[in-house]
Structure formats: structure tokens, C-alpha cells
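In what follows, a structure is listed as C-alpha cells, so that the remarks can point back to it.
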Amino acid sequence: MTTEKILITGALGQIGTELTNRLVEIHGAENVVASGLDRWQKNLTSAAYYERMDVSNTQLVRQVIKDYEITTVYHLASLLSGTSEKQPLFAWKLNIEPLLNFCEMAREGLISKIFWPSSIAVFGKGIPKENVGQDVVLNPTTVYGISKMAGEKWCEYYFDKHGVDVRSIRYPGLISWKTPAGGGTTDYAVEIFYEAIEEKKYKSYITENTAMPMLYMDDAIEATLQLMAAPKEKLTVHTSYNLGGMTFTPKELAAEIKKEIPEFEISYEADFRQKIAESWPASIDDSIAKKDWDLNYTFDISEMTKDMLKNLRIKLKK
Ligand code: AKB
């Protein structure tokens, strides 16, 4: 057991739900405080405490940090790429200001470690599509990508200037069955499984040959925990680590689903998210994460598809 006291923001979201439960397994429920905007949905979190709080309310967040004597923050609350395009000013405010507040609290010595998620959205226009490296020039063309790029630079700034221990991962699209994704460009790769089970068909808003990097949630959670457990002196990236996972197109994913549900059919009707997807890499070079903190993955597209369908069938009682 540990002396860490953990606060998770966005704890009822797609990553937050599963990360909270893993942190409870590792550190004990009494050492984990989940927080979010929604009412406490007891079945979603096994943390001993839940604070219903707006992460933009700096005074309230500071009070929570002090009341629970928090040492480590997993700051996950964020607006994803699709929603950010519709609410650019709110996206900037939500995706940047609370991160800065946590960095300030770490600078003051109130907390000692922060995790903050970045995204493959930081790359953008004019960057080679395949095997995109850690140190390429970032050129995001979306509101979300711009906010994540700025956030990464703030993380690096606080590390360089003040020694703040803030760690980050550029997540690819995340696929999970426990909690649905919301407002992202890669969400098709989650929705498709629900529709395959319920309707045996799916209309994809991403075109058939658009490849994006994706990661199964189990691997994403383990990677996050590995990064947070790594010795500080081993970390060489203080913006955000590339994470590749697997790469596939909607057509390839549909073919995998068809192996399990032969009558499944996919059709395509691109919407505004197609342009976002086209500005993102198709595959990522994550060799630096593999070297610095032994990143590895368990799930490929076929294992992931089988696991998603098995668990969703139980969840949906199908
Ligand atoms: C999104 O699609 O916005 C996210 C992401 C890749 O950061 N899943």
C-alpha cells in the first residue's frame, strides 16, 4: 500500500472510469478521490470519495486538494476534438486553465505529481502520415490539437523552470466497452461495436480507407500507470510521450467484426470529423516510450475485437 493520495478529474469519463478503478486496486479506495461534474454514479467508481466539482473552479479545487491532502493528480477532464470545434473558447478554457492551476499548485509544493493526457491531435498538417516520430514539428489544425500542443509546452515549461513532475501521453483513439467515448473523432471505433451487436450494421462518419492510430483501454491504462511509476530521472520527454498502439481503417475494423458477426455490414457517410482525421497521423513511432519506461501492448486488432464483442454482449444482454 502507498502513501499517495490521488485526485482524478473527469473520473466518470471514458478513461477516468477505468483508471479510477485500477488506482483503487493499487492504492486502496481510501486513497482515491474521484471527481466530476455529474452526480455520483456509485456503480461507476470504486473510489471511497467523490467530489462533484467544476475543475475550472480554482478555489474549490484547491480546497479539495488541501482537505484530502492530495499528493498526485490525474487531470483527465477535457473536451475532445469534435466537441472542441463546436465550442472553441470553452475548449481552450477547459483544456488549458485547470492544467495551469495544477502546475501552479505543484510549483507551490501543494501536490507532487501530475498526469495530463495529450493526443495525436497535436501533429496536424504537413507531417508525414506514417510512423510519426516524437520530435516532429507540431502543426495542429484543430481547436483541440492547438489546446493539447499548448498544454504540452506548459508541462515542459513547468518542468524546466520549476522542476514540476508533470507526465503526459499522446493518446491515440481509445477503444473501450465500459464507458462510451464522447465527442471525439476516433469514436467511430467504439460506436461500431454497439451498432454491430444491436443492428448488425453501421454508418461510419470516417471514410473506409482513413487509417488512425488506436489503443485498447486496457493497454492505455497500463501504459499510464507504467509512466506514472517510472523513476523521474529515466524520463526524457517532458512535453508528452508518443503512443502508437495499433493502426487500422474503418474497412479493416469492419472486416475484423465480420469474422465474428458474418452478417455485419458497414456503409460510409463522412461528416466534419473526416477532415480532422485526415489531419492526423496514420501511425506513430513510440520507440522512446518503449525505451524510457518499457511500454508494451497486449491487444492487437483481432484480440481487441473479440474482447469488445464478448464484453459488450454481456453488458447489452445480447
Ligand atoms: C479524439 O478523437 O478527439 C480523441 C483523441 C484522439 O484525442 N479520441
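Heavy-atom basis, side chains included; hydrogens, waters and symmetry copies ignored. Whatever order the structure lists them in is the order used to number ligands and atoms, beginning at 1.
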Sub-3.5 Å pairs, protein N or O with ligand 1 N or O:
unit_1, atom_1, unit_2, atom_2, d
ligand 1, 2 (O), Ser81, OG, 3.4
ligand 1, 2 (O), Thr185, N, 2.7
ligand 1, 2 (O), Thr186, N, 3.1
ligand 1, 2 (O), Thr186, OG1, 3.3
ligand 1, 3 (O), Ser81, N, 3.0
ligand 1, 3 (O), Ser81, OG, 2.6
ligand 1, 7 (O), Ser119, OG, 2.7
ligand 1, 7 (O), Tyr144, OH, 2.8
ligand 1, 8 (N), Thr186, OG1, 2.9

State whether the side chain of Asn242 and the backbone N or O of Val132 hold a donor-acceptor pair below 3.5 Å, judged by distance alone. yes
Determine all donor-acceptor pairs shorter than 3.5 Å in which one atom belongs to a side chain in residues 277-284; sequence neighbours excluded.
unit_1, atom_1, unit_2, atom_2, d
Glu278, OE2, Gln274, NE2, 2.7
Ser279, OG, Ile276, O, 2.8
Ser283, OG, Glu130, OE1, 2.9
Ser283, OG, Asn131, N, 2.7

Gap between atom CD1 of Ile175 and atom CG of Asp187 - 0.5 Å precision: 10.5 Å
With sequence neighbours excluded, tell me which residues meet ring pair (Phe, Tyr, Trp, His ring centres under 6.0 Å) with Tyr157. Trp154
Counting distance only, does the side-chain N/O of Ser81 pair as donor-acceptor with the main-chain N or O of Thr185 below 3.5 Å? yes
Please list all pairs meeting ring-ring contact (aromatic ring centres under 6.0 Å, His included) that have one or both residues in residues 184-234, counting only residues at least two apart or in different chains. Tyr216-Phe299
